[in-house]
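Below is one structure, written out as structure tokens; the observations come after it.
Chain naming here is simple, since letters A, B, ... match the order of the sequence lines and numbering starts at 1 in each.
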Amino acid sequence: MSVFDVLKERGFIQQMTHEDEIRQLLEKEKVTFYIGFDPTADSLTVGHFLQLMVMGHMQRHGHRPIALLGGGTTMVGDPSGKSDMRKMLGKEDIARNAECFKKQMEKFIDFSDGKAVMANNADWLLSLNYVDFLREIGSHFSVNRMLQAECFKTRMESGLTFMEFNYMVMQGYDFLELFRRFNCTLQLGGDDQWSNIIAGVELVRKIEAKPVLGMTFTLLTTSDGKKMGKTEKGAVWLDPQKTPPYDFYQYWRNVADSEVKRCLALLTFLPMTEVNRLGNLKDQEINQAKKILAFEMTKMIHGEEEAQKAQKAAETLFEGGADLQDVPTSPIGQGLLGQGIIEVLFACQIIPTKSEGRRLIAQGGLYVNSAKVESIDLKVTAELFKDGMMMIRKGKKGYHKVVIK
RNA sequence: GGUGAGGUUCCCGAGUGGCCAAAGGGAACAGACUGUAAAUCUGUCGGCGAAGCCUUCGGAGGUUCGAAUCCUCCCCUCACCA
């Protein structure tokens, strides 16, 4: 089975510039391909992870991935699919973010012995000469055509700066550079990158007269079209500092029934027979599939040990048990003893404001050691700490352990 | 640069001198129902609080007993024209 069939079967593929050529190429040759990642934050997200899964599948079938860090393109910012211009990032921030990306990627992709390449488009974009670039590259782009591009559509109403308008040209140029440097003949990316990918494919074909190819993958969205990987706290990050393994596990443990199969196919390496079996479970049974999804993903990203911990903590809290060791914990100082419950929760950042704490108690949504808090006047005393800890439950699933420092 | 339309609480969007912490919708949170799911229903949804107080409607001033609403200047966005 070629990697093309694998990607197709698992539901990755969205659009292709030349379907037959891509299929044949992937079956017959070892292909060097690239996916670009713009370091706009200091951690990758699950959206990036989907791209890394693709890289993983490709690499397993002997193809050579290039992970292209957008040190140059991030200076400009991709307008695709965004309704507003992104805040401009400084060079130092971008470089630091790129380092973070790099470290995280190395956990999933094997970069040893040239099995994969890490590149950064800052290396060629930042030193470009404006006029030379316009003459050599800009002359191959038709503004008339660019304006038709899907990725600018939303921006044609709300406004698009010339800076961002050039993003497509820069990404097109990336492909040309990678083709020249590494004989990279295939660009992959999320479906929001379709316009940018076409730009690159056409540019290389015009200048080099070589049949390079492009293909996009499904975006990680829920069935009603919303982006997945978002929580009330923001994105689901791969960095354990930003999204703790327990929260990460819980996110996937709680995905909607209708997403389970898709997530298993896209975000794990489980064989499709298993994915189909698990994804077709019904009612209560499908919780098994969610546990496996959550465990597998946590394992890939945070390691087996963390995955075990997260799973154990979750089972203890939701299914009963004694081992509370791995539940998220907030330490408090001695000085908070005798204070009101709201003060303590606020200090632990379990509640963002005191008003919200009051509201929570008024609505009966706060529990201390499994007992509903009836009054906002409850004082936190030493008696509430059993075995040195106080269990807080916010709503149905927000568990926190509070311990005294 | 000219002309026109705008900038409202997380988002969309009403509000054009007191009844406005500001309609409605979305998101979010809590409760009921459940399977740590979805859908549905109910409640909450600026902050601090016992009442009450404080901060908010692009920014800075001003008029007024009283301004998101009126005036002045400034900043920004969009459309058409140049």
Side-chain angles (χ1 to χ4, degrees), chain A residues 79 81-88 147 152-165 221-236 245-264 278-295 297-298 310-321 326-328 339-343 345-347 349-368 370 372-377 391-400:
Chain A
K82 294 183 186 64
S83 53
D84 298 296
M85 193 170 99
R86 201 183 266 275
K87 189 170 141 268
M88 276 205 259
L147 289 174
F152 296 134
K153 280 240 172 86
T154 53
R155 288 311 213 63
M156 293 311 283
E157 284 161 26
S158 63
L160 175 72
T161 61
F162 181 66
M163 176 181 80
E164 297 169 282
F165 185 56
T221 52
T222 58
S223 40
D224 48 343
K226 286 185 209 121
K227 266 191 191 168
M228 275 188 82
K230 295 272 183 201
T231 69
E232 68 280 8
K233 290 171 199 149
V236 176
Y246 175 80
D247 292 348
F248 186 86
Y249 178 93
Q250 281 298 315
Y251 182 84
W252 301 105
R253 177 65 185 80
N254 280 313
V255 295
D257 289 8
S258 52
E259 316 299 335
V260 171
K261 193 168 175 179
R262 215 165 99 87
C263 287
L264 283 167
L278 290 167
N280 289 332
L281 291 174
K282 288 280 174 287
D283 302 322
Q284 183 129 210
E285 294 277 293
I286 201 164
N287 281 320
Q288 286 311 312
K290 293 186 190 180
K291 279 192 197 179
I292 290 172
L293 171 68
F295 182 80
M297 288 194 66
T298 311
Q311 185 160 57
K312 217 162 66 182
E315 282 173 358
T316 303
L317 292 170
F318 290 99
E319 297 168 23
D326 300 317
V327 176
Q339 295 285 311
I341 182 75
I342 296 207
E343 301 292 333
L345 296 191
F346 183 69
Q349 297 183 311
I350 292 171
I351 50 173
T353 65
K354 293 178 189 176
S355 290
E356 192 145 324
R358 270 189 288 278
R359 221 172 281 138
L360 197 63
I361 291 172
Q363 295 180 140
L366 186 71
Y367 296 77
V368 171
S370 310
K372 189 193 277 185
V373 176
E374 302 287 356
S375 159
I376 61 169
D377 298 323
M391 252 341 258
I392 300 291
R393 196 179 106 208
K394 193 179 113 189
K396 237 179 302 186
K397 343 178 206 182
Y399 286 97
H400 294 265

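Remark: P of B:rG47 and CZ of A:Phe346 are 11 Å apart, rounded to the nearest angstrom. Taking atom CD of A:Glu356 as the reference point, atom P of B:rA28 lies 14 Å away to the nearest angstrom. We find that CG of A:Leu293 is positioned 16 Å from C1' of B:rG35, with the value rounded to whole Å. At whole-Å resolution of the value, CZ in A:Arg253 and P in B:rA38 are 11 Å apart. When the C1' atom of B:rA30 is taken as reference, atom CD1 of A:Ile350 falls 16 Å away, rounded to whole Å. The distance from atom CG of A:Asp283 to atom C1' of B:rA37 is 10 Å, rounded to the nearest whole Å. A:Phe295 has its CZ atom 18 Å from the C1' atom of B:rU36, to the nearest Å. We find that NZ of A:Lys354 is positioned 19 Å from P of B:rU55, with the value rounded to whole Å.
Not a single side-chain hydrogen bond (donor to acceptor under 3.5 Å, both in side chains) links A:Gln363 to another residue, sequence neighbours left out. Under the side-chain hydrogen bond (donor to acceptor under 3.5 Å, both in side chains) criterion, A:Arg393 pairs with no residue, sequence neighbours left out.
Contact annotation for A:Glu285: no contact, since no heavy-atom pair falls under 4.0 Å across all strands. Among the atoms of the strands shown, base atoms are found under 4.0 Å from some heavy atom of A:Lys396.
Base pairing annotation: B:rG52 forms a Watson-Crick or G-U wobble pair with B:rC48, both donor-acceptor distances under 3.5 Å. A 3.5 Å limit on both hydrogen-bonding distances identifies B:rC76 as the Watson-Crick or G-U partner of B:rG6. A 3.5 Å limit on both hydrogen-bonding distances identifies no Watson-Crick or G-U partner for B:rA67. For B:rG1, the paired nucleotide is B:rC81, the pair qualifying as Watson-Crick or G-U wobble because both relevant distances are below 3.5 Å. As the counterpart of B:rA22, no nucleotide is assigned, since no Watson-Crick or G-U wobble pattern has both distances under 3.5 Å. Nucleotide B:rA32: paired with B:rU40 (Watson-Crick or G-U wobble, both distances less than 3.5 Å).
Among the nucleotides B:rU36, B:rG47, B:rA50, the one closest to any side-chain atom of A:Ser355 is B:rG47.
Comparing the P positions of B:rA28 and B:rC11 gives a spacing of 15 Å, expressed to the nearest Å. Separation of the P atoms belonging to B:rC20 and B:rG52 is 16 Å when rounded to the nearest angstrom. Annotation: B:rA60 and B:rC65 have their C1' atoms spaced 24 Å apart (nearest Å). Comparing B:rU63 with B:rG25, their C1' atoms are spaced 37 Å from each other, to the whole Å. Atom name C1', nucleotides B:rA67 and B:rA22: the rounded distance is 13 Å, in whole Å. Separating the C1' atom of B:rG24 from that of B:rG17 is a span of 24 Å, rounded to the nearest Å. B:rA68 and B:rU16: their P atoms are spaced 14 Å apart (whole Å). With P as the reference atom, B:rA14 and B:rA5 are 16 Å apart, rounded to whole Å.
Proximity of A:Phe346 to A:Gln339: side-chain heavy atoms (C-beta onward) are nowhere separated by under 4.5 Å. No side-chain heavy atom of A:Thr298 sits less than 4.5 Å from a side-chain heavy atom of A:Tyr251. The closest side-chain heavy-atom distance from A:Leu345 to A:Leu366 is below 4.5 Å. Taking the side chain as every heavy atom from C-beta outward, A:Val236 and A:Phe248 approach each other to under 4.5 Å.
Taking only side-chain nitrogens and oxygens, A:Lys261 never comes nearer than 4.0 Å to OP1 or OP2 of B:rA37. Between A:Thr353 and B:rG47 there is a side-chain polar atom (N or O) within less than 4.0 angstrom of OP1 or OP2.
Residue A:Lys290 is the one, among A:Lys290 and A:Pro352, whose nearest nucleotide of RNA chain B lies closer to the 5' end (criterion: closest heavy atom).
At a cut-off of 3.5 angstrom, counting only N and O atoms as typed in the model, there is no donor on one side facing an acceptor on the other between the side-chain of A:Lys291 and the base of B:rU36.
Of the inter-residue distances, the one linking A:Tyr399 atom OH with A:Lys397 atom NZ reads 11.0 Å to the nearest 0.5 angstrom. Considering SG of A:Cys263 and CD1 of A:Ile292, their distance stands at 14.0 Å, rounded to 0.5 Å.
Proximity of residues 358-367 of chain A to RNA chain B (heavy atom under 4.0 angstrom from any strand atom) is restricted to A:Arg358, A:Arg359, A:Leu360, A:Gln363, A:Gly364, A:Gly365.
Proximity of a side-chain donor or acceptor of A:Lys290 to a complementary backbone N or O of A:Val260 within less than 3.5 Å is not detected.
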